[in-house]
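All values below were derived from every heavy atom in this structure, side-chain atoms included, with hydrogens, water molecules and symmetry-related copies excluded. These numbers come from a predicted model, not from an experiment.
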Amino acid sequence: MGKSASKQFNNEVLKTHNEYRQQHGVPPLKLCKKLNQEAQQTLHGHGVEKHKEDGCGEGICK
C-alpha cells in the first residue's frame with residue numbers, strides 16, 4: 001500500500017471509529033504520527049512485518 005493510500009485508509013478508519021465514539025458520547029480521536037511510528041517500531045522489534053498481500057489473504061507475521 002502506497003503512502004497516499006495508507007494515509008487515506010488511516011483517515012477512513014479514524015472517521016469511522018470517531019463516528020462510533022460519537023454515538024457513545026466520547027470525544028473524537030486524532031491521528032498521531034509520532035505514536036504511529038513508535039507502534040510500528042515496536043511491532044518490528046517483535047518480529048512483525050509491514051502489511052503484505054500475497055494473493056491468499058493478508059499476512060503481517062514473519
Practice prompt. With sequence neighbours left out, write down each residue that passes salt bridge (charged side-chain N to carboxylate O under 4.0 Å, His left out) with E12, or none if nothing qualifies.
Written response: none
Can you give each donor-acceptor pair under 3.5 Å made by side-chain atoms of residues 21-39, sequence neighbours left out, with the distance rounded to 0.1 Å?
residue, atom, partner, partner atom, Å
R21, NE, P27, O, 2.7
R21, NH2, P27, O, 2.8

Worksheet item: Can you tell me how far CG of L14 sits from CD of E19, rounded to the nearest 0.5 angstrom?
Response: 10.0 Å
Practice prompt. Show your working on side chain to side chain contact (heavy atoms under 4.5 Å, CB included) between K7 and N11 and close with a plain yes or no.
Written response: CA-CA 6 Å; K7 185 175 181 178; N11 288 333; 3.9 Å; yes
